[in-house]
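One structure is given here, and the rest of the page talks about it.
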Amino acid sequence: MTENTHHLEAARLAKLEKIEQLGIDPWGQRFDGHLHIDAARAKCPEENGVDGETVRVAGRLVRWSDSGKLRFGHIQDYTGKIQIAVSKKEVDETTWELVDCLDRGDNIGVEGVLKLTKTGEKTVFATKLVILGKSLAQPPEKWHGLEDIETRLRQRYTDLIYTEGVLDRMLKRLKIIESVRSTLKGEEYFEVETPVLHAIAGGAAARPFITHHNALDIDLYLRIALELHLKRLMVGGIERVYEIGRVFRNEGVDSTHNPEFTMIELYQAYGNYETMMDLAEKIISNAAKVVNDGATVVPWGDKTIDFTPPFARAKYGDLFREHAACDMHDAAAVAAKAKELHIPTENRHPDVIVNDVFEATVEDALVGPVFVIDYPSSMCPLTKRKNGQPEIAERFELFVDGLEVANAYTELNDPRLQEALFKTQLQGLAEEDSMAKMDHDFVRALKVGMPAAGGMGIGIDRLVMLLTNTKTIRDVIFFPLLKPEVF
RNA sequence: GCCCUUGUAGCUCAAUUGGCAGAGCAGCUGACUCUUAAUCAGCGGGUUGUAGGUUCGAGUCCUACCGGGGGCACCA
């Protein structure tokens, strides 16, 4: 960079030096009392020729014409954009020289009078102007902006500034998370933090990332779920508990999977999976309203999703019969259907085959939102069985347009059954593929006594996708995983 | 991991059969006190992802590698 500075950067460096020669710090100083730009816009008179208040605004210069003795530009902050006008007559000589050194991309602060231009645009007519941070990088082209996906993801900072809708969508993500917290606060939940480094990667079926602790000389796993620690806390007396946190799964990347993603898991003593359905409806419909102007019906590509409670509920077995055209308990018929779908059957537990057939035939057909309830219990080693029906687990998954958004159970709190399920691997499932990894301490905790409870996990990234009409997960994550860039 | 596709100036894109690497925007110099894709005149800007190969000649064809996108697999 130093021995081979690009000519565009060189031009900016020359201006930077000129600013220093004026005795001005090109990197800026404290600037108090600025209004957010949306607030400034709200204060601007609506009538031509009327002087409004004198205000201070600050932000990034995203349009600039450095010509003549009256110059216009737009500055932008996270609340919006407003035009500024700088007239040579209205500012002192040093400021006018500073104005000559401004480039698109610079951060500036402006004090001036709010009024409309002759063409009716809300404008701050500057009486003072300061630089709050020089930009040395050439911004993207003003009309097309940044379109190269790789550049947008690697240089998210630039993407956030110059690509229409990116910052807005990410702010919606933050508001959705705020809304989830606020809904749970209303339900008297406590938010906690539990370890990310696990000795046993339990609570879900996924390949973990492995890391190493030097001083203890032990390998550890980055967590793949939050479940087992939160249940321990319920044993400890925190009746309603949740965590919003990052989980890590060492798997492929596609439009709905990022190796690290954000989950909320929550547990409610004395509840069950029906309690969780009611809560899921509250959490999701509230969040939908926050980012869709109060509406619970939201656009989703060329479809519309109605998140107005209550959501539909359908039994796993019924959906199976409807879409796979056979009974899930009829092993021969299921095997035939599996063969038809090129799903392997050899040495695999019948319920694993059922599940594969279910995924192949049912899931994509579910537009929803729909709670799929009552799963085959063999695939649910952490879930309570239905009274008198040990082959059915009180579990639901919430599907929206084929996307799994939430997963919940009536929690298994029988330590003897839990221990037995940890010991029994499903045929045809490698241990690393199983959710049932022996965790002796967790069994010990259950022996202390966990109250009957409901619990739920929601994929926050996918929820944000659905509520912001975004089809790829990388567009709702600030910094999705990419292979390292070579400099 | 496999298949398809893609990589040219800061950005967005051209480049005919393999035949002098171009444009717009942005930048620089000058003019302009109501502009907003400002306008007008002039000027500069390239390791065509990287490394090889074929050829008189490669942005273009071939091989490998690197990055991105899409699909498959994985993700019960």
Review point. Parallel under 30°, tilted from 30 to 60°, perpendicular over 60°: which one fits the rings of A/Tyr78 and A/His36?
Key: perpendicular

Exercise for review: Classify the side chain of A/Ser87 versus the base of B/rU33 as yes if they form a donor-acceptor pair under 3.5 Å and no if they do not.
Suggested key: yes

Review point. Under 4.5 Å between any side-chain heavy atoms of A/Ile149 and A/Arg474, yes or no?
Key: yes

Review point. Taking the six-membered ring for Trp, are A/Phe72 and A/Phe125 parallel (under 30°), tilted (30 to 60°) or perpendicular (over 60°)?
Key: perpendicular

**Study point:** Side-chain donor/acceptor of A/Ser67 to base of B/rU35, under 3.5 Å
**Key:** no

Check your understanding: Of the nucleotides B/rU33, B/rU35, B/rG67, which one has an atom closest to the side chain of A/Lys483?
Key -> B/rG67

Check your understanding: Given A/Arg173, which of A/Ile460, A/Thr468, A/Asp168 fulfils the side-chain contact (heavy atoms from CB on, under 4.5 Å) condition?
Key -> A/Ile460

Exercise for review: Would you indicate which nucleotide in B/rC74, B/rG68, B/rU35 comes nearest to any side-chain atom of A/Thr119?
Suggested key: B/rU35

Practice item. Could you tell me if the ring centre of A/Tyr221 sits under 6.0 Å from that of A/Phe209? Key: no

Practice item. Please measure how far the C1' atom in B/rC40 lies from the corresponding atom in B/rU35, and state the result in whole Å. Key: 15 Å

Practice item. Among B/rG68, B/rC75, B/rC34, find the nucleotide with the atom closest to the side chain of A/Phe72. Key: B/rC34

Review point. Contact class for A/Arg249 vs. all strands (heavy atom < 4.0 Å): base, sugar-phosphate, or nothing?
Key: nothing

Check your understanding: Which is true for A/Lys81 with a 4.0 Å heavy-atom rule: it touches a base, it touches only sugar-phosphate, or it touches nothing?
Key -> nothing

Check your understanding: Using a cut-off of 4.0 Å on non-hydrogen atoms, how would the nucleic acid contact of A/Glu359 be classed: base, sugar-phosphate, or nothing?
Key -> sugar-phosphate

Review point. When rounded to the nearest Å, what value does the distance between P atoms of B/rA14 and B/rU54 take?
Key: 31 Å

**Study point:** Side chain A/Ser87, main chain A/Lys89, donor-acceptor under 3.5 Å
**Key:** yes

Review point. Relative to A/Trp300, does A/Lys471 satisfy both conditions: NZ or CZ under 6.0 angstrom from the six-membered ring centre, and within 45 degrees of the ring's axis?
Key: yes

Check your understanding: Considering only B/rG69, B/rC34, B/rC74, which nucleotide approaches the side chain of A/Lys118 most closely?
Key -> B/rC34

**Study point:** Per A/Lys15 side chain, nearest of listed nucleotides B/rG27, B/rG68, B/rU35
**Key:** B/rG27

Check your understanding: Can you tell me how far C1' in B/rC56 sits from the matching atom in B/rC43, rounded to whole Å?
Key -> 36 Å

Check your understanding: Could one point to a donor on the side chain of A/Arg71 or the base of B/rU36 with an acceptor on the other under 3.5 Å away?
Key -> no

Nucleotide N/O to protein N/O under 3.5 Å, stretch nucleotides 8-11 of chain B:
unit_1 : atom_1 : unit_2   : atom_2 : d
B/rG10 : OP1    : A/His6   : NE2    : 2.4
B/rC11 : O2'    : A/Glu141 : N      : 3.3
B/rC11 : O2'    : A/Gly145 : O      : 3.0

Point to revise | Given B/rU35, B/rG69, B/rG68, the nucleotide with the shortest approach to the side chain of A/Arg474 | key: B/rG69

Check your understanding: If we take the P atom in both B/rC72 and B/rA64, what is their distance in whole Å?
Key -> 25 Å

Check your understanding: Given that both pair distances must be under 3.5 Å and the pair must be Watson-Crick or G-U, what runs of three or more consecutive pairs involve RNA chain B?
Key -> B:1-7 with B:66-72, B:10-13 with B:22-25, B:27-31 with B:39-43, B:49-53 with B:61-65

Check your understanding: When rounded to the nearest Å, what value does the distance between C1' atoms of B/rG22 and B/rG44 take?
Key -> 15 Å

**Study point:** Distance, P atom - from B/rC2 to B/rG45, rounded to whole angstrom
**Key:** 43 Å

Exercise for review: With C1' as the reference atom in both, quote the distance from B/rC34 to B/rG46 in angstrom, rounded to an integer.
Suggested key: 40 Å

Check your understanding: Looking at A/Tyr273 versus A/Tyr409, is the centre-to-centre ring distance below 6.0 Å?
Key -> no

Review point. Of all the choices, B/rG69, B/rG70, B/rU35, which nucleotide is nearest to the side chain of A/Thr472 once you look at every atom?
Key: B/rG70

Review point. Cationic tip of A/Arg156 within the cone over A/Phe479's six-membered ring, i.e. under 6.0 Å and within 45° of the normal?
Key: no

Exercise for review: Between B/rG59 and B/rG7, how far apart are the P atoms? Round to whole Å, please.
Suggested key: 14 Å

Check your understanding: Going by the salt bridge (charged side-chain N to carboxylate O under 4.0 Å, His left out) test, which pairs reach into residues 109-123 of chain A, not counting sequence neighbours?
Key -> A/Glu46-A/Lys122, A/Asp51-A/Lys115, A/Arg56-A/Glu111, A/Glu111-A/Lys128

Check your understanding: Any side-chain N or O of A/Arg12 under 4.0 Å from OP1/OP2 of B/rG27?
Key -> no

